[in-house]
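In the text below, chain A, chain B and the rest are named by the order of the sequence lines, each starting its count at 1.
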Amino acid sequence: MTRTRIAKVLQDSQPGEQIDVRGWVRTRRDSKQAFSFIELNDGSCMKNLQIVVDADVPGYEETIKQVTTGASVAITGEVKESPGKGQRIELAAKTLKLLGVADGQTYPLQKKGHSFEFLRDIAHLRPRTNTFSAIGRVRNVVCDSIHRFFQSRGFLYVQTPIITTSDCEGAGAMFQVTTLDPEKPPRDDKGNVDYAEDFFGKKASLTVSGQLEAEIFACSLGECYTFGPTFRAENSNTTRHLAEFWMVEPEMPFYELTDNMELAEAFVKTIINDVLERCPDDMQFFNERIDKTVLDTLNNIVSHEFKRVAYTEAVDILLSSGQTFDYPIEWGKDMQSEHERYLTEQHFRQPIIVYDYPRTIKPFYMRCNDDGKTVRAMDVLVPRVGEIIGGSQREERLDVLLKRMEECHLDPAEYWWYVELRKFGTVPHSGFGLGLERVIQLVTGMTNIRDCIPFHRTPKSADF
RNA sequence: UCCUCGAUAGCUCAACGGUAGAGCGAGCGGCUGUUAACCGCUAGGUUCUAGGUUCGAAUCCUAGUCGAGGAGCCA
């Protein structure tokens with residue numbers, strides 16, 4: 001007999017079938033001197049399989065006491081129609097084997113709910129809870145959906161480096177990677193640390209984005225995407241930031257900004273639709289226990305066209321809104337969280353794409369518009385989470401790019417290979433970045449991004 | 001990094017400067033085709049750390065550590 005996953009049992013098994021299931025005990029309810037109920041979960045789905053263990057099952061007396069919450073067991077038996085409420089079928093055990101005990105005195109998980117803060121401290125056990133097993137499954141479906149979305153459109157999956165020596169990508173503080181002795185690093189004649197002696201012969205860091213490298217592949221192999229971990233050493237302490245997070249970055253040749261926006265919108269909708277279709281039980285759970293509006297929010301997103309709003313228009317809306325903001329908005333200033341939230345949650349009440357931002361608040365690689373003031377940037381803003389996608393059409397004109405680098409005080413020599421892409425067969429191209437954990441936040445309704453990644457890294461926190 | 005709040009039993013919390021408690025969980029017993037079961041009993045504490053004020057500190061003060069929410073930065 002081979003093991004059957006509980007998801008399959010609950011879906012397909014018919015009375016009379018002999019099956020073998022294994023997993024972790026959620027609860028046990030005893031009927032003294034008669035039998036016990038075991039709620040078994042193996043992570044394959046939200047629901048548990050109810051198992052009835054009769055007192056005449058071999059070893060019942062010795063074993064059943066140790067079948068506590070958290071213990072692991074292997075059980076064979078016959079599927080029966082369940083006379084009780086709450087489940088179609090149950091398993092009448094014929095054999096019961098205890099695989100691993102979980103001492104009730106010390107096993108930290110109870111049947112009842114725990115705070116997410118507490119569960120973060122026991123990240124090795126929290127996947128056994130309803131919430132975190134559901135997040136795990138949803139995260140998996142989101143990742144699969146991402147690959148399918150791009151693969152089905154002929155995009156090439158390209159791996160960009162995690163360790164990089166391009167110094168200033170402009171996307172925030174970087175974690176340094178070094179093998180030098182921190183106590184006494186080698187020094188040059190001026191007394192500075194001599195990175196020529198370091199592992200890579202120069203200063204190296206963890207990547208903050210694979211975009212620049214992705215552009216290389218986009219400008220030779222066509223549509224492509226990167227999907228991997230990225231690192232930001234910012235001292236950010238919010239519910240929306242991680243020091244290590246996963247980012248999807250598609251990059252497309254011959255795409256202009258509107259093509260980019262269309263792709264971004266289709267991308268977000270596809271992910272949400274896939275999760276709704278493939279994780280109905282998990283989503284039901286999130287809607288009941290985590291955020292009672294999450295299904296409405298997601299249905300609202302997939303059923304509306306994302307409203308496109310030029311930055312200038314967005315500023316006008318904010319100015320004439322009659323709202324008082326902590327940070328007054330004016331043209332040329334970057335929008336604050338409160339502004340973005342007002343636009344998506346109050347004014348439009350749906351996802352929006354803000355585009356054509358002022359040049360001065362955006363990075364050097366974004367394509368300049370003819371007005372001389374704005375660049376072809378776009379941010380997808382969704383209710384509650386805020387910016388979920390940031391992207392742009394890239395500057396493909398060599399002279400303009402060099403001028404912009406000068407404006408941003410960047411040394412073209414540092415980016416010589418990026419600049420050369422504009423020298424040899426340059427093409428218009430576009431791309432964007434999407435933070436995986438922010439999508440998980442949006443889709444599950446979880447409020448803290450630290451609960452949307454299995455093992456979070458934030459300032460002062462890198463356990464497990 | 002800034003602002004605000006917090007840290008007490010395994011968990012969630014209470015205790016207004018005067019003997020540290022409850023609910024849940026756990027252990028034991030009872031009851032029951034049960035469903036986050038129910039009933040009874042029992043055990044469980046260096047009140048985050050260091051200093052200070054006081055006859056006396058979980059409680060007040062100072063510093064630190066960690067956590068949460070908000071802000072900035074961003075995905």
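Counting non-hydrogen atoms under 4.0 angstrom, A:His114 reaches the backbone sugars and phosphates but no base. Among the heavy atoms of the strands lying under 4.0 Å from A:Gln110 is at least one base atom, whether or not backbone atoms are also near. Within 4.0 Å (heavy atoms only), A:Pro108 reaches no atom of the nucleic acid at all. Across all strands shown, A:Arg289 has no heavy atoms under 4.0 Å from either base or sugar-phosphate atoms. Nucleic acid contact class of A:Tyr107 (heavy atoms, under 4.0 Å, all strands): none. Residue-level contact check: A:Leu242 touches the bases, meaning some heavy atom is under 4.0 Å from a base atom. Residue-level contact check: A:Phe118 touches the backbone only, with heavy atoms under 4.0 Å from sugar-phosphate atoms and none from bases. Using a 4.0 Å heavy-atom distance criterion, A:Gln441 is classed as making no nucleic acid contact. Within the nucleic acid shown, A:Leu109 has no heavy atom closer than 4.0 Å to any nucleic acid atom. Using a 4.0 Å heavy-atom distance criterion, A:Gln50 is classed as a base contact. In this structure, A:Gly84 reaches the bases: a heavy-atom distance under 4.0 Å links it to at least one base atom across the strands shown. A:Lys460 comes within contact range of the sugar-phosphate backbone alone, with a heavy-atom separation under 4.0 Å but no base atom that close.
For A:Lys333, the NZ atom is densely surrounded, since the number of other residues' heavy atoms within 6.0 Å is greater than 12. Remark: A:Glu62 CD is packed, more than 12 non-hydrogen atoms of other residues, nucleotides or ligands lying under 6.0 Å away. Within a 6.0 Å sphere centred on CZ of A:Arg88, heavy atoms belonging to other residues, nucleotides or ligands number more than 12. The number of heavy-atom neighbours closer than 6.0 Å to CD of A:Glu81, taken from other residues, nucleotides and ligands shown, is 12 or below. Residue A:Phe217 places its CZ atom among 12 or fewer non-hydrogen atoms of other residues, nucleotides or ligands, all under 6.0 Å distant.
The residue among A:Glu90 and A:Asp103 whose nearest nucleotide of RNA chain B is located toward the 5' end is A:Asp103. The residue among A:Ser115 and A:Met335 whose nearest nucleotide of RNA chain B is located toward the 5' end is A:Ser115.
Using atom P as the reference point in both B:C38 and B:G52, the two lie 49 Å apart (nearest Å). Comparing the C1' positions of B:C13 and B:U47 gives a spacing of 13 Å, expressed to the nearest Å. B:G69 and B:U49 have their P atoms separated by 24 Å, with the value rounded to a whole Å. B:G40 and B:U54 are spaced 48 Å apart, taking the P atom of each and rounding to whole Å. B:G27 sits 37 Å from B:A50 when the C1' atoms are compared, rounded to a whole Å. Of the P atoms belonging to B:G29 and B:G21, the separation is 28 Å, rounded to the nearest Å. For the P atoms, the distance from B:C2 to B:G64 is 10 Å, rounded to whole Å. A gap of 14 Å separates the C1' atoms of B:G51 and B:A57, to the nearest Å.
In the set B:U35, B:C11, B:A26, B:U35 carries the atom at the smallest distance from any side-chain atom of A:Gln87. With B:A68, B:A26, B:G33 as the choices, the nucleotide that has an atom nearest any side-chain atom of A:Val52 turns out to be B:G33. Taking only side-chain atoms of A:Arg240, from C-beta outward, the nucleotide of B:G33, B:G69, B:A71 with the closest atom is B:A71. Among the nucleotides B:G72, B:C74, B:C66, the one closest to any side-chain atom of A:Glu340 is B:C74. Distance from the side chain of A:Lys65 is smallest for B:G29 among the nucleotides B:C74, B:G29, B:G69. In this structure, of B:C74, B:G33, B:G67, it is B:G33 that holds the atom nearest to the side chain of A:Phe35.
An OP1 or OP2 oxygen of B:A36 is reached within less than 4.0 angstrom by no side-chain nitrogen or oxygen of A:Arg29. For A:Ser337 and B:G72, the shortest distance from a side-chain N or O to OP1 or OP2 is below 4.0 Å. At B:G72, none of the side-chain N or O atoms of A:Asn235 fall inside 4.0 Å of OP1 or OP2 (strictly under the cut-off). For A:Arg450 and B:G67, the shortest distance from a side-chain N or O to OP1 or OP2 is not below 4.0 Å. Residue A:Arg120 places at least one side-chain N or O under 4.0 Å from the OP1 or OP2 atom of B:A68. Close to B:A71, at under 4.0 Å from its OP1 or OP2, lies a side-chain N or O of A:Arg341. Phosphate proximity of B:G70 to A:Thr239: present, with a side-chain N or O under 4.0 Å from OP1 or OP2. For the pair A:Gln336 and B:G72, the criterion of a side-chain N or O lying under 4.0 Å from OP1 or OP2 is met.
Counting distance only, with no hydrogens placed and no angle test, the side-chain atoms of A:Asn237 and the base atoms of B:U1 include a donor-acceptor pair under 3.5 Å. Donor-acceptor pairing under 3.5 Å, judged by distance alone, is present between the side chain of A:Ser236 and the base of B:C73.
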- [ ] Dump the intermediate steps for side-chain contact (heavy atoms from CB on, under 4.5 Å) on A:Gln50 and A:Arg29, then the final yes or no.
- [x] CA-CA 10 Å; A:Gln50 174 163 288; A:Arg29 296 180 293 271; 3.4 Å; yes
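The CG atom of A:Asn130 sits 17 Å away from the P atom of B:U35 (whole-angstrom rounding). Protein atom OH of A:Tyr357 is 11 Å distant from nucleotide atom P of B:A75, rounded to whole Å. Spacing between atom CZ of A:Arg26 and atom P of B:U34 amounts to 22 Å, rounded to whole angstrom units.
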Open item on the list: Let's test your reading of the pairing rules: Watson-Crick or G-U wobble, both distances under 3.5 Å, then write RNA chain B as a dot-bracket string with ( ), [ ], | and dots.
Closed with: (((((((..((((....[..)))).(((((.......))))).....(((((..]....))))))))))))....
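Listed by chain and residue number, nothing satisfies the salt bridge (Lys or Arg N to Asp or Glu O under 4.0 Å) test with A:Arg26 (two or more places apart in sequence, or in another chain).
A:Arg153 forms a cation-pi arrangement with A:Phe149, by the criterion of a distance under 6.0 Å to the ring centre and an angle within 45° of the ring axis. Figure legend: A:Lys307 and A:Phe348 shown without cation-pi pairing, the cationic atom not lying both under 6.0 angstrom from the six-membered ring centre and within 45 degrees of its axis.
Two rings, from A:Phe150 and A:Phe267, have their centers less than 6.0 Å apart.
Put simply, the side chain of A:Thr4 never gets that close to the backbone of A:Val9: no donor and acceptor are under 3.5 Å apart.
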